[in-house]
Amino acid sequence: MDSGLQGKHNMDPHGDGIGNGNGDDDDNCEVVETRELWDANGKEIRQYWSEISVSVDADDKSFSTTQPLLLKRRNTTSQIAIVGSNLYSIESLDYEYYTAFAAFAGCNIGLAVAAGALCAYIAPAAAGSGIPEVKAYLNGIDAHSILAPSTLLVKIFGSILGVSAGFVVGKEGPMVHTGACIASLLGQGGSRKYHLTWSWLRYFKNDRDRRDLITCGAAAGVAAAFRAPVGGVLFALEEAASWWRGALLWRAFFTTAVVAIVMRAFIQFCSTGKCGLFGLGGLIMYDVSSAEAIFSASDILAVIFLGVIGGLLGSLYNYLVDKVVRTYSIINEKGPVAKILLVMTIAILTSCCSFFLPWSAKCIPCPEGLTVSCPTVYSGNYKAFQCPPGHYNDLASLFLNTNDDAIRNLVSTGTIKEFQISSLFIFFAAVYFLGIVTYGIAIPSGLFIPVILAGACYGRLVGRLFETASHLDTGLFALLGAASFLGGTMRMTVSLCIILLELTNDLLLLPLVMLVLLISKTVGDCFNKGVYDQILKIKGLPYMEAHSEPFMRHLVAGDVVSCPLITFSGIEKVGTILHALRITGHNGFPVIDEPPFSDSPELCGLVLRSHLLVLLKGKNFTKEKVMCGREILGRFSASDFAKAGSGKGIKLEDIDIEEEEMEMYVDLHPITNTSPYTVVDSMSLAKAAILFRQLGLRHMCVVPRSQKAHGDDHGGGEVWSEISVSISDDKSFSTSTDQPPLPLVKLENTTSQIAIVGSNLYSIESLDYEYYKAFAAFTGCNVGLAVAAGALCAYIAPAAAGSGIPEVKAYLNGVDSHSILAPSTLFVKIFGSILGVSAGFVVGKQGPMVHTGACIASLLGQGGSRKYHLTWSWLRYFKNDRDRRDLITCGAAAGVAAAFRAPVGGVLFALEEAASWWRNALLWRAFFTTAIVAIVLRAFIQFCSTGKCGLFGLGGLIMYDVSSAAAIFNAPDILAVIFIGITGGFLGSLYNYLVNKVLRAYKIMNGKGAVTKILLVMTIAILTSCCSYLLPWSAKCIPCPEGITVSCHNVKSGNYKAFQCPPGHYNDLASLFLNTNDDAVRNLFSTRTKKEFQISSLFIFFAAVFFLGIVTYGIAIPSGLFIPVILAGACYGRLVGRLFETISHLDTGLFALLGAASLLGGTMRMTVSMCIILLELTNDLLLLPLVMLVLLISKTVADNFNIGVYDQIMKIKGLPYMEANPEPYMRHLVAGNVVSGPLVAFSGIEKVGNVLFALRTTNHNGFPVIDEPPFSDSTELCGLVLRSHLLVLLRGKNFTKERVMCGREIQGMFSAFDFAKAGSGKGIKLEDIDIKEEEMEMYVDLHPITNTSPYTVVDSMSLAKAAVLFRQLGLRHMCVVPRSKGKHPIIGILTRHDFMAEHILGRYPDMDPHKQK
């Protein structure tokens, strides 16, 4: 155990925790025997101790000594701590305190100056944390030397020197920067300067892949610094990356999994003592799992108090850091000498505090019951510092320790009185102050450790204040204080929550940690921004926030375009290009084609500065103005135009152009991007900003409505990366209404299981061997319940059948199919799930609970239900696409959190599997939702634990606890895990293949009507009952295990089933089949039960569950896939454990968990969310590396055969889901190729009859609006109007007899809520509008309801780019405009239908859908 001061617990013999030795209460204290590991020097010290004479007054604890008592110290972790006192022992100075301080401070100052000199002279960019710089780079800001090799070198050694100098800094931020630098070095193909290059790294020489690599590097840095691999992935998502996608999530997960496995291997190797002081401790840095995390209402009040004060202190901390960093930036500008002097000043200040403040503390007697010496001699956490034998100085135990050991002391459990309140207050004030004044000096310095130190100290203080009212341990208060202070400064939620849990190994604290983080972040946000955002501003890094500023709504793109505009012709003079490159710093230039190379002047595309330099260096010039693209392409390869690393690209000075070549021409067409992203000059600047950031653009062309080049935004062009990917937050889609209604299957269950009701109501053991009657009773109950569930689905809500996850996933992708989230679907989902699970089907409640959560959220998002008279006016705020989509995403997350009791897993499930568009605001909302779920769930569980709820509420927050098994593994165990992963991948892909076949067959059968559906349900119910009843007869009776504390024969509930076995025996197959699914999983996961299930029984159960899970999914009942897959996987894993039992040390229960993980990875193809869900289910963070490894392997293997099960189900149901990446064949088409016709457009002021006719004859949801003279100078696209808005306008009947504009009158007739998106079935229908004959010839002004900033693309834009734009921004319609003027202002509108493979390949049947190039 690695847990600091543990007053009543055994400690690490190497001194990682505070030791626990024996201290006498007598006046004359004798020194206890110290550890046997001392060397010769230790023997001398022990002899030296015995010669000390001490007299202690028992009342006031004062003492006098004849010898100084502070002993030599050594560090217990990788930190090289407080080197001054290590090199020059204070005890040897015979009370020459000034000399002792000089030695102490001198060493610290020397190390500090060395760190400062490295930063000041070699790599100034290495100073500070590095996280803001990495965050800025991933936002598109390529500032000088952020990721250079010299920065990497100084970051590593400067961090070592800075921590060694005793500064109140952490290594965590610098490790994030270090990981990003290493990734950047790889992404650049190595370093030519240092002769480290690798040809295979050329695959990373593009913006997107390099950015992904650096994100993974940052995640690896967090994983290594905190030993928190999943926390690393979430940190990269929440704080570092600006653009996120599923592929990046998978890559970051793979990276941190490798980090976890390598780190675990080194820790295990070093645990034998072969690494000296390095590698001591384990994967858990600050273990607090020994403390009970049971809390009551008074504890919740204390936690709320912690959160509020933590938010206030965090915002104050950020304010002061802002002031200090601004001051230091002025000082640092004066040169390297000023930087080093500032470093020296802070080093002296820190040394003074560390040396002199412990003198203010009283000596405290060592606690009783310790197993190691107190005070400690070499290493450990009890420091004497002038105290007599048997006493220690609590302030010295914090100041004169490594930062890690100081934190370990503060979060140590069972140590209420071991730190005085005065000492805690002094240490908090000192660390708070030193953390502020240290950040910003010229050394690598992280903020995490200072904030954790101050927060843990403040939390422990609060714990002492609430010790009479609260049951929580003060060590847990320290942890929650650290969480509150981190939330108040960093303003992160999910990533901090997981990092803290991985640091401390106590998942039971999850609800409290989530609550305190939410409160502190909310309070802190009321005052200022997060500390990293403030540092970005101070450093002048132009970071683009996810949301546009409010003032941008009042501007258009044309208002901010930089001038003058520099353009090139398609074939341009060399001298003109060279002149433009010399006089500007622009990185992109528009290329204009003019006659005779085009019919009229038109925008050809955009050319990059770097590409122009490559082209000029090649000198492929011509004397005449002719096109010679093929010759140019033949002279270069793609790698010539790949993005070069820092300082590696061609510079303008490298190009030698002779005088006669200046008048020659060069063809720019081969290097021109002919599909640049464009916006019209009238587009809202807020929308343009969202487009720019969400797609990660570097340049965006602004064109006039007449389609000729108008401007190219160069404002900051050199700092934005040109790659598309990320999450968007604009509009949701709905299915194209000109398509037939989509066929739907029914959904899953949502409640606690009322398991195998047949056997519970009619006990098989009570039938006295009347087997047929027993079978009839058992089957009859099951069939009756199954028919009830099937009838609900068949007659009331067919959309409630099945899991519901594919439908929710499709809805969040923009597919608004009929009744997916209707109130009737919610009703049937709840009760159908109860009936289906009760009927004994091999189904789960988890998928249906996700659907149920989404239905409830949708009901709220619609403002309630008018049909059922449940409406609330305050819910009108959710009546827009984005907020409603966010609400449903949170509902899905809440469903997972409730089903698995896994709140963080719910957030990650919503991110990885459900949501198509993700943003930080949604992350925060989902986290808040699942935190509420966790707290309410925990409250109900605690209430029901008293027995007031009957059979409901049994168990705890952890459903399948496996933490009792030792998770220590070696090479043979790794081989077994790899085998499980590979086999799980094969089995998962086979499972998906068979589910696909069965669903297609059931789709035909279910199409024949409700009766057929119910008959199919009955058939599967009888088949399931036969398997559950008959197969246990094939198993042998097994004697009950010895030493069990519960009855071996439980008739109604429990895990051991007799099933015709004599007393003292049980039937292992019956214990699996005739139990609830949860109890069956619990049986398989149970540890230390190697022989309690026979291999033959495991094989039979695996085959049966694998088969029944496949044939059950798709019938007309709510049914989830999670539990069938977990059951089959756990059984298969336990089988593998039995096969490997001779060579593997892992418990068979852990093998079962890994088997479940492998089959889940092979079927669902999820990684991060599945990993966290399994860990929250089983409460064993030490298994994290193995779970990550098995998920990675199984997913990788299965991906070679087919897609995930939910993606297959969406295809079968015909849901037009848009993937994140466009299909390869789209690269060979342009937007104009797939536009559907005929186009229906309206004039800005249109006849009522024309509008009504268009609405009656088409099902289009959007119509372009064209302005013509006299309402505009020429024919131009005014914008886009929605069908629903037209219906509202027509019902208002504000018509005119003349064709005049009357926008103000129309605006006065309506409010914004009249145009808010209506709920399912609530909107105005065309039949509701009564238009008289004379009104048909009148006019209506469409300008007030027209979106004048629609997203547009030119007809020549690559279809692949258009697809990325459409999905990433969550569009419903996208206007296609011509590239050149002289044509109609709009060619057509792209909708979701136009991007579907069926539509594209239907128009181009000869196109190879798998063609890559």
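Heavy-atom basis, side chains included; hydrogens, waters and symmetry copies ignored.
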Heavy-atom closest pair, residues N587 and R698: ND2-NH2, 3.1 Å
Any side-chain donor near an acceptor of the partner, S1272 and D1267, under 3.5 Å: no
Main-chain N/O of L922 paired with D886 side-chain donor or acceptor, under 3.5 Å: no
Heavy-atom side-chain proximity of L1390 to H1373 below 4.5 angstrom: no
R1367 (side chain) donor-acceptor with M1218 (main chain) under 3.5 angstrom: yes
For S1356 against V1230, the heavy-atom pair lying closest together: O-CG1, 3.4 Å
Side-chain heavy atoms of L1282 within contact of N1261, under 4.5 Å: no
Derivation and outcome, side-chain contact (heavy atoms from CB on, under 4.5 Å), residues L668 and I571: CA-CA 6 Å; L668 301 183; I571 301 172; over 6 Å; no
Electrostatic pair D209-R251, nearest N-O below 4.0 angstrom: yes
Spacing of M544 atom CE and I690 atom CD1 [to the nearest 0.5 Å]: 9.5 Å
Euclidean distance, N1233 CG relative to R1403 CZ, rounded to 0.5 Å: 8.0 Å
Donor-acceptor contact present, side-chain R609 to main-chain G588, <3.5 Å: no
Euclidean distance, D1394 CG relative to I1400 CD1, rounded to 0.5 Å: 8.0 Å
Contact check, side chains of N673 and V607, non-hydrogen atoms, under 4.5 Å: no
Exceeds 12 heavy-atom contacts within 6.0 angstrom, atom CZ of F254: no
Test item: E572 side-chain N/O and D667 main-chain N/O as donor-acceptor pair under 3.5 Å: no
Side-chain touch I1389/V1376, heavy atoms, less than 4.5 angstrom: no
Flag side-chain contact, heavy atom, 4.5 Å: L1280 against F1263: no
Interatomic distance, S569 atom OG to K625 atom NZ [nearest 0.5 angstrom]: 4.5 Å
Residue pair I577, V666: steps toward the side-chain contact (heavy atoms from CB on, under 4.5 Å) verdict: CA-CA 9 Å; I577 296 173; V666 60; 3.4 Å; yes
For L615 against F621, the heavy-atom pair lying closest together: O-CE2, 4.5 Å
Audit row: I1266, H1384, side-chain contact (heavy atoms from CB on, under 4.5 Å) steps and yes/no: CA-CA 10 Å; I1266 308 297; H1384 193 270; 4.2 Å; yes
Polar side-chain atom of H586 near backbone of L565 as donor-acceptor pair, under 3.5 Å: no
From CD (E1398) to NE2 (H1393), nearest 0.5 Å: 9.5 Å
Cationic tip of K809 above Y1217 ring, under 6.0 Å, 45° of axis: yes
Derivation of the side-chain contact (heavy atoms from CB on, under 4.5 Å) call for V1377 and L1277: CA-CA 9 Å; V1377 297; L1277 176 65; 4.2 Å; yes
Considering all heavy atoms, the nearest P1222-V1364 contact: CD-CG2, 3.7 Å
Contact check, side chains of K1213 and I1209, non-hydrogen atoms, under 4.5 Å: yes
Side-chain (D681) to main-chain (A557) donor-acceptor, under 3.5 angstrom: no
Note, V574 side chain near Y665 side chain (heavy atom, < 4.5 Å): no
F1395 ring center within less than 6.0 Å of F1366 ring center: yes
Enclosure of R553 CZ (heavy-atom neighbours >12, cutoff 6.0 Å): no
Main-chain N/O of A180 paired with S184 side-chain donor or acceptor, under 3.5 Å: no
R1165-N1202 side chain donor-acceptor pair, cut-off 3.5 Å: yes
Pairing residues for K1195 by the salt bridge (charged side-chain N to carboxylate O under 4.0 Å, His left out) criterion, not counting sequence neighbours: D1199
Shortest non-hydrogen contact between C1278 and T1346, atoms and distance: SG-CG2, 4.2 Å
Residue K1211 excluded, over 12 heavy atoms near NZ under 6.0 Å: no
Exercise: identify the closest heavy-atom pair between A241 and T215: CB-CG2, 4.1 Å
Check: Y1351 and V679 side chains under 4.5 Å, non-hydrogen atoms: no
E912 side, atom CD; F253 side, atom CZ - distance, nearest 0.5 Å: 8.0 Å
